[in-house]
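This report refers to the structure that appears directly beneath it.
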Number of protein chains: 2
Amino acid sequence: MILTVTPNPALDLTYHVDALEIGETHRVDAARSRAGGKGLNVARVVHQTGNAALALAPLGGATGREFERELKASGVPHALVPVSISTRRSVAIVDALGGETTILNERGEALAPADWHTLVDAAARLADDADCIVGSGSLPPDAPADFYANLVRLARDRGLPSIIDATGPALLKAAQAGASVLKPNRLELADSTGESDPVVGARRLIEFGAGIVLVSLGADGMICVTADAAAPVVRARLASPLVGNPTGAGDAGVAAVAVALVTGESDPALLLRHATAWSAAAVLMPVAGEISESYRELEAQLVIDRF
Amino acid sequence: MILTVTPNPALDLTYHVDALEIGETHRVDAARSRAGGKGLNVARVVHQTGNAALALAPLGGATGREFERELKASGVPHALVPVSISTRRSVAIVDALGGETTILNERGEALAPADWHTLVDAAARLADDADCIVGSGSLPPDAPADFYANLVRLARDRGLPSIIDATGPALLKAAQAGASVLKPNRLELADSTGESDPVVGARRLIEFGAGIVLVSLGADGMICVTADAAAPVVRARLASPLVGNPTGAGDAGVAAVAVALVTGESDPALLLRHATAWSAAAVLMPVAGEISESYRELEAQLVIDRF
């Protein structure tokens, strides 16, 4: 089972408007309401592709109840630990004419120390039955910076692979703790390491202790950097980028890596291919947390560069 | 007690951003969440000014629970009848730089016939203890067009005044049922009657059977038209319009009229003065459902025209 841990989940509300106009009042259909957060998206894709997933997240308040109801209806296995704050919201407004999506992401409220204990205890308990541990997404305000590093240690103590998709100090500490795979995007990597060149930034995370670093480059695909200094940096991409919904594409890539690691795959170049193909397959879907059935065909079409 | 009936209430979520940019992701503080809807705003102002209010509304779902919790905390007396649908949301995004507010109003879901019965029964029961009945705001989809007309009849049967703030066929039918006071804004009146001149539109509602029609003209104040064909049309306004938040200004005007009617005031010109002053006092407040304590001073400053 692939355990995904999402410390700062959100109730995702999506609105569709013909044309969003600032300062105007828009009459809209009810929001599509969905249990969101990067680890939730990972678990959804793992589940969709027929693999065992378990999504762990804290939840609270009326938004938390709505979050739980949607997640139950989705069929994705989950473990939700009650906390003292309300689950945050994220509002997406999709503009049909302009094709643009405007997003308001609530930062989330700080978890109480007791809430963190509950979440960490739940992760430790569920890790005993896991084959891989994934930590994804932002941390709530005032979070312990070593939350993801502790997840990595939980995995190492049990001989399990770990994948962390995070940013800032949480990413650096996860590297130092020896995460099996890190998957920042180019911007997060630059913000976290201060290195604008993604290869240089990725090497920094490797020096810190990470096993493999996959850096998503948006329409330019993804690169893979490993501890093997003699090995080339590998980049995978589609010859022509897909047009679609990029939200959750990185999460689908994390799901691909988790599924591959659990089946015993460890070749970095193959992990990169799977991650890039599943990411591309996510772009073809209207909502995050799903991939197109064409992911195998997309993988066969990848252009691979080594440098 | 002033009974306000809000058939299509909303959970109002308000976000503050520095500058709303279409197509961008904005990191925001948690939404201010509030029990909203025009009749709720009326009840809040009635309550704030030390008068007895009772806000009746249907509610359901997780949004309904959040709605109820905020309303309880506000101290405004309420009667919420459980229905089979989820309470709709309304999202307001306040742009600090541009000073503009962008709004997404969910239409709301259709109430089941059994839900309508529950709501109408509750209104009839509570009307027995009311001194005035107010019906405010949009109707949910597929609503009976005579819902507000039936409220007017409930009031008439009990010898009580009624005030309806509605639009379209619901406004026309409320006029035909003999509403004591109707308070559309200029645009709603034009849409409902097909008359672009607010005086002509208001006279149409009087012909249909309404007692008094107050038409809010935004920064141009408010006019009053009555069944007395010999009486002049009266307009009240401030010499220079106030800058502020117009949301809920009309609702504060309705609250002023309800409070005046309950205290035995019936002079249309005085009702107009109160309504205009309370509306202006609402513009000075950051949220709907509140008025500035300066409403008495504002009333003394009104410019009155008769034509």
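Computed from heavy atoms alone, side chains included, the values below leave out hydrogens, waters and symmetry copies. Letters go in sequence order (proteins before strands), and every chain restarts at 1.
Ser192(A) and Thr167(A) are linked by a side-chain donor-acceptor pair at a separation below 3.5 angstrom, with hydrogens and angles left out of the test. With no hydrogens or angles considered, no side-chain donor-acceptor pair links Thr6(A) and Lys38(A) at under 3.5 Å. Side-chain contact check for Arg89(B) and Thr63(B): no donor-acceptor pair (N or O, by modelled atom type) lies under 3.5 Å.
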**Derivation and outcome, salt bridge (charged side-chain N to carboxylate O under 4.0 Å, His left out), residues Arg34(A) and Glu290(A)** = CA-CA 13 Å; Arg34(A) 207 151 187 261; Glu290(A) 296 178 15; 3.3 Å; yes

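With a 4.5 Å cut-off on non-hydrogen atoms, Val91(A) touches chain B through its side chain but not through its backbone. Interface residue Glu21(B): only backbone heavy atoms are found under 4.5 Å from chain A. Proximity to chain A involves both the backbone and the side chain of Thr25(B), based on heavy atoms less than 4.5 angstrom apart. Proximity to chain A is absent for every atom of Thr87(B), based on heavy atoms less than 4.5 angstrom apart. For a residue to count as touching a neighbouring chain, one of its non-hydrogen atoms must lie under 4.5 Å from one of that chain's; by this rule Val17(B) touches chain A with the side chain only.
Ranked by non-hydrogen atom pairs under 4.5 Å with chain B, the options Gly108(A), Ser90(A), Ala31(A) are led by Ala31(A). Of the listed residues (His26(A), Glu66(A), Glu100(A)), the one with the most heavy-atom contacts under 4.5 Å to chain B is His26(A). In terms of heavy-atom pairs under 4.5 Å with chain A, the best-connected choice from Gly61(B), Gly23(B), Ser33(B), Ala62(B) is Gly23(B). The most heavy-atom pairs under 4.5 Å with chain A, out of Arg88(B), Arg27(B), Glu24(B), Arg65(B), come from Arg27(B).
Under the side-chain contact (heavy atoms from CB on, under 4.5 Å) test applied with Pro140(B), the options Ile85(B), Asp115(B), Val83(B), Leu111(B) reduce to a single match, Leu111(B).
The shortest side-chain heavy-atom distance between Pro9(B) and Pro58(B) falls under the 4.5 Å cut-off. Considering only heavy atoms from C-beta on, Met222(B) comes within 4.5 Å of Ser279(B) through its side chain.
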